[in-house]
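Data block below; observations after.
Being a predicted model, the structure only gives us computed values, none of them experimental. Throughout, a chain's letter reflects where its sequence line sits, starting with A, and its residues are numbered from 1.
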2 protein chains.
Amino acid sequence: MTEENMGCSCNLIHEEIVDMVKKEMPAEEILYDLAELFKVFGDTTRVKILYALFAAEMCVCDIASLLGMTQSAISHQLRVLKQARLVKNRRDGKVMYYSLDDEHIKHIFDQGLLHINEK
Amino acid sequence: MTEENMGCSCNLIHEEIVDMVKKEMPAEEILYDLAELFKVFGDTTRVKILYALFAAEMCVCDIASLLGMTQSAISHQLRVLKQARLVKNRRDGKVMYYSLDDEHIKHIFDQGLLHINEK
DNA sequence: TGAACATATGAACAATCATTCATATATGAC
DNA sequence: GTCATATATGAATGATTGTTCATATGTTCA
């Protein structure tokens, strides 16, 4: 498939730049997964849940209580976080404990905060 | 406002943990901005644009050509990226050049890739 | 001035998403 | 077994969002 140049015909970019971009750009599937991961971080409730779990393992109702939200809303979001492999859970009797399942999250958040606090 | 414990009454969390979370959790406004930033990263088109700009400054039609998308779609997304202060632009005659406006992006993407490639 | 070109933008539409509500599942106590 | 509790989940709803289409803005050149 040739790259169509829709709407303009300037094509200012150098051939070597095009090659560089295509070499550095991850595969379509990776890009999709990457965007999907950031989409998970793109919701205040989920960010709050993750910040809570930075401090300690918690059960669903603890998180709900801490954030002042319903058990259902938290449970739905924990499912999203679990599917993204960002949290894991273990059952202890009736209680389901959730905890972090990734060491990169804090780092990613810190970098995000750096951007926000810039300028 | 008291934190209501909706739907359950287990309250397993220790008082000291609650204090720790509240101490570590950024202010509501910061959390909102953080989620908003990641929301910007949460779209394949925008991720591709940023990867393209990692290589070099480019004009709108170059990016459109490179990604095989319409000028309008790219222009709309560049506006989102600009509002998030992730890209900047300069005009040269008829042509508008876009480039990165933040050094954290690459780092954040790399951390995201680390998570994806895990396990 | 007017034509050609590069980009921006508003409205519309389909798709996605977060929360709520009602209810189902799972465990422990009795 | 029944009851109470902790969590999960499906459907519904309102809100947000990415792209398209048509058109407007801004620049260069003749």
Side-chain angles (χ1 to χ4, degrees), chain A residues 4-13 31-32 35-50 53 57-84 87-99, chain B residues 4-13 31-32 35-50 53 57-84 87-99:
Chain A
E4 315 160 54
N5 202 320
M6 307 161 188
C8 90
S9 54
C10 69
N11 248 98
L12 295 162
I13 201 172
L31 290 171
Y32 178 83
E36 214 62 21
L37 173 66
F38 290 128
K39 215 175 280 180
V40 174
F41 292 144
D43 175 78
T44 319
T45 300
R46 288 192 291 263
V47 171
K48 284 179 188 171
I49 292 174
L50 292 170
L53 296 182
E57 175 187 70
M58 284 184 203
C59 73
V60 179
C61 78
D62 279 340
I63 300 172
S65 160
L66 201 59
L67 305 187
M69 296 182 66
T70 66
Q71 172 269 320
S72 181
I74 298 300
S75 186
H76 276 296
Q77 297 305 343
L78 281 169
R79 191 152 83 93
V80 175
L81 292 169
K82 180 119 188 283
Q83 280 172 344
V87 305
K88 57 179 185 257
N89 55 4
R90 70 176 177 89
R91 183 179 277 282
D92 182 10
K94 279 179 293 188
V95 182
M96 191 73 87
Y97 286 98
Y98 281 85
S99 58
Chain B
E4 314 163 54
N5 202 321
M6 307 161 187
C8 87
S9 53
C10 68
N11 247 102
L12 295 162
I13 201 171
L31 290 171
Y32 178 84
E36 214 61 23
L37 173 65
F38 289 127
K39 214 174 281 180
V40 174
F41 292 143
D43 175 77
T44 319
T45 300
R46 288 191 292 265
V47 170
K48 285 179 186 171
I49 293 175
L50 291 170
L53 296 181
E57 176 186 70
M58 285 184 203
C59 73
V60 180
C61 78
D62 279 341
I63 300 173
S65 161
L66 201 59
L67 304 188
M69 297 182 64
T70 66
Q71 172 270 320
S72 180
I74 298 300
S75 187
H76 276 295
Q77 297 305 346
L78 282 169
R79 191 153 82 94
V80 175
L81 291 169
K82 180 121 188 284
Q83 280 171 345
V87 304
K88 57 180 185 254
N89 55 4
R90 71 178 177 87
R91 183 180 277 283
D92 182 10
K94 280 179 292 189
V95 181
M96 190 73 89
Y97 286 98
Y98 281 84
S99 58

To the nearest angstrom, how far is [X] atom [atom1] from [N] atom [atom2]?
X       : N      : atom1 : atom2 : value
B:Gln71 : D:dA22 : CD    : P     : 14 Å
A:Leu81 : D:dA8  : CG    : P     : 12 Å
A:Leu78 : D:dT9  : CG    : C1'   : 13 Å
A:Asn89 : D:dT9  : CG    : P     : 10 Å
B:Asp92 : C:dA6  : CG    : P     : 13 Å
B:Met96 : D:dT25 : CE    : P     : 15 Å
B:Arg91 : C:dA8  : CZ    : P     : 7 Å
B:Met58 : C:dT7  : CE    : C1'   : 17 Å

I want to check one thing: is the phosphate of C:dA6, taken as OP1 and OP2, less than 4.0 Å away from some side-chain N or O of B:Tyr98? no
Is the shortest side-chain heavy-atom distance between A:Gln77 and A:Met69 below 4.5 Å? no
Nearest 0.5 Å please: distance from the CG atom of B:Leu31 over to the CZ atom of A:Arg46. 14.0 Å
Hey, could you give me the CD1/CG distance between B:Ile74 and B:Leu67, rounded to the nearest 0.5 Å? 5.0 Å
What heavy-atom pair brings [X] and [Y] nearest, and what distance separates the two atoms?
X       : Y       : result
A:Thr44 : B:Ala35 : N-CB, 3.7 Å
A:Leu50 : A:Phe41 : CD1-CE2, 3.7 Å
A:Met58 : A:Leu66 : CE-CD2, 3.8 Å

What N/O pairs connect the protein and nucleotides 10-20 of chain C at under 3.5 Å? Give each pair on its own line.
residue, atom, partner, partner atom, Å
C:dG10, O6, B:His76, NE2, 2.8
C:dA18, OP1, A:Arg46, NH1, 2.9
C:dA18, OP1, A:Arg46, NH2, 2.5
C:dA18, OP2, A:Arg46, NH1, 3.4
C:dT19, OP1, A:Thr45, OG1, 2.6
C:dT19, OP2, A:Gln77, NE2, 2.7
C:dT20, OP2, A:Thr70, OG1, 3.4
C:dT20, O4, A:His76, NE2, 3.2

B:Tyr98: ring pair (Phe, Tyr, Trp, His ring centres under 6.0 Å) partners, not counting sequence neighbours: none
From the set C:dA8, D:dA8, C:dA6, return the single nucleotide nearest to any side-chain atom of B:Lys94. C:dA6
Of the candidates D:dT9, C:dT9, D:dA6, the side chain of A:Val95 sits closest to D:dA6
